[in-house]
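Atom set for the values below is all heavy atoms of this structure, side chains included, hydrogens, waters and symmetry mates excluded.
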Amino acid sequence: MSTHSRLRRVLAAVGALAVGLLGACSSSNDSKETSDGLTTVKVAVSSKIAYYLPYLMEPYWKEFEKQGIAIEMEYGSAPDMLVLLTTGRVDVLVTGPSANILNAAADGADLKFVAPGAVEAEESPNGWYVSTAALAGRTYSPELLKGQTLASSSGVAGPPLLTLSQELAKANLTLADVTIRPLSSSDGLIAIENGAVFAGTVSAPNTAKIAESGAGTFIARSAPIGWPSVGVFFGPNLLNDRPEVGERFVTALLNIYRTYLQGDFMKGKWADEFAEVLEVDVNLVTESVSPTYPTTLTFPENYFEAYEAAWRQIPDVLTYGEDRSVAANMIDTRFADYANAHAS
């Protein structure tokens, strides 16, 4: 079986499982209240990284509690958490855009993008790096990417492929002209260092390592300037069953953005607490570039359309036909509109 055929089966399985389970069971996360009368909202994330500080810092900031919400954190891979979201076993998924999300929506899963998250600063070092070893003394130009193998921690279905497609377009190339190899962040860094791949994605703190060693050269951001790297997705529980809870959730989120996450906040008074919840050394926190958080919730124009177009460049990443698009229906502005009107 070809690599593309196996990929198609895997991606299709994610969407099919999400939708199939919808019919197999009713929501197992019916409205629950704590002893304090708070409504429990389950929030799924992949790990403890800075993008998820608005939720990890709830024990200190208590902005969700002020809105009558007690959040419970769930950790797991984005594809696994996507299934939990669409089957009602978690209420919220905070993640970046992915082909898996579009495939699930195409298969009928009930999920929507309802609020933007962090936007990487213009000077952010996160993104694509070309291997110094692989260049072997040559000067980089986009034409050199043709036929090369590149590493991505999110594989062929992840958001960094959009900016890679834009870099390739400078040489009239597409994503079909390269091979994307899924590698973890640590393994990808090693592969770049020894020239096992021509280029790959690197994120902090590994960006500091590659800058110090000179093993790679930055060639493209991980997301377009001004576009959120992650966002908030609601499933059926908050979209349909408890939209009023969803409104309060996004209102709390906007209050957090406005109150705690403006300016160079990573070096601010909460640095020690950030380090505690992220389970890292405080120096790693204070040396990080602070992302930008919006004070008014808006959505980039053609956000999902751009990602959909990029993923279409690789055969079988999207499991629905080219004559169909789900991108235009992925955003639900109800909750952002409510928060913009009611946040403090």
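- Atom CZ of Arg181 sits in a sparse spot, with 12 or fewer heavy atoms from other residues, nucleotides or ligands closer than 6.0 Å.
- Taking CG of Leu162 as the reference point, atom CH2 of Trp311 lies at 8.0 Å (rounded to 0.5 Å).
- One distance of note links CZ of Phe265 with CZ of Phe274; it measures 6.0 Å at 0.5 Å rounding.
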Would you sort out whether Asn237 and Val245 count as a side chain to side chain contact (heavy atoms under 4.5 Å, CB included), showing the intermediate values?
CA-CA 9 Å; Asn237 293 342; Val245 177; over 6 Å; no

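- Between atom CG of residue Leu183 and atom CD1 of residue Ile190 there is a gap of 9.5 Å, rounded to the nearest 0.5 Å.
- Between Val114 and Leu297, the closest side-chain pair of non-hydrogen atoms is not below 4.5 Å.
- Annotation: side chain of Ser229 is not in contact with side chain of Pro159 (no heavy-atom distance under 4.5 Å).
- Comment: Glu212 does not engage Lys209 in a salt bridge, judged by the lack of any side-chain N to carboxylate O separation of less than 4.0 angstrom.
- You'll find the side chain of Val156 stays beyond 4.5 Å of the side chain of Pro182, heavy atoms only.
- Residues Trp227 and Tyr303 place their aromatic rings such that the two centres sit under 6.0 Å apart.
- Summarising the geometry of Gly127 relative to Phe218, their closest heavy-atom pair is CA-CE1, 4.1 Å, with the distance given to 0.1 Å.
- Using a 4.5 Å heavy-atom cutoff, the side chains of Arg334 and Leu239 are in contact.
- A heavy-atom distance below 4.5 Å is not found between the side chains of Leu254 and Thr251.
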Let's go through Glu143 and Lys146 carefully: what are the C-alpha distance in whole Å and the side-chain angles of both, what is the deciding distance for salt bridge (charged side-chain N to carboxylate O under 4.0 Å, His left out) to 0.1 Å, and is it a yes or a no?
CA-CA 6 Å; Glu143 291 81 4; Lys146 185 172 184 178; over 6 Å; no

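- By the 4.5 Å heavy-atom criterion applied to side chains, Val178 and Leu173 are not counted as neighbours.
- For the 3.5 Å distance criterion, the side chains of Glu120 and Ser222 qualify, holding a donor opposite an acceptor.
- Using the six-membered ring where Trp is involved, Tyr55 and Phe249 have ring planes that are parallel, under 30° apart on the 30 and 60° scheme.
- Contact check for Thr259 versus Trp61: no side-chain heavy atoms found under the 4.5 Å cut-off.
- Within the model, atoms CD1 of Ile101 and NZ of Lys112 stand 12.5 Å from one another, a figure rounded to the nearest 0.5 Å.
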Applying side-chain hydrogen bond (donor to acceptor under 3.5 Å, both in side chains), run through Asp264 and Ser290 and close with a yes or a no.
CA-CA 5 Å; Asp264 199 3; Ser290 299; 2.6 Å; yes

Check the pair Phe335 / Val232 against side chain to side chain contact (heavy atoms under 4.5 Å, CB included), numbers first and verdict last.
CA-CA 11 Å; Phe335 305 94; Val232 179; over 6 Å; no

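- Closest of all the heavy-atom pairs between Val90 and Ala44 is CG2-CB, 4.0 Å.
- Here the CZ atom belonging to Arg221 is positioned 9.0 Å from the CD atom belonging to Glu123, to the nearest 0.5 angstrom.
- Residues Leu82 and Ala104 approach most closely at CD2-CB, 4.2 Å, considering heavy atoms.
- Between the side chain of Glu72 and the backbone N or O of Val43, no donor-acceptor pair lies under 3.5 Å.
- A 4.5 Å side-chain heavy-atom check between Leu38 and Phe64 finds every atom pair outside the cut-off.
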Check step by step if side chain to side chain contact (heavy atoms under 4.5 Å, CB included) holds for Val45 and Val230.
CA-CA 10 Å; Val45 299; Val230 298; over 6 Å; no

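- Counted by atom type alone, Asn255 and Ser344 present one or more donor-acceptor pairs between their side chains at under 3.5 Å.
- For the atom pair CG of Leu93 and CG of Leu84, the computed distance is 9.0 Å after rounding to the nearest 0.5 Å.
- Ring pair Phe198/Tyr140 is tilted by interplanar angle, where 30° to 60° counts as tilted.
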For the pair Val197 and Thr149, evaluate side chain to side chain contact (heavy atoms under 4.5 Å, CB included) and give the outcome as yes or no after the intermediate values.
CA-CA 5 Å; Val197 296; Thr149 297; 4.3 Å; yes

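- Counting only distance, with no hydrogens or angles, the side chain of Glu193 and the backbone of Ile210 share no donor-acceptor pair below 3.5 Å.
- Across all non-hydrogen atoms, the minimal contact from Tyr75 to Leu56 is OH-CD2, 3.2 Å.
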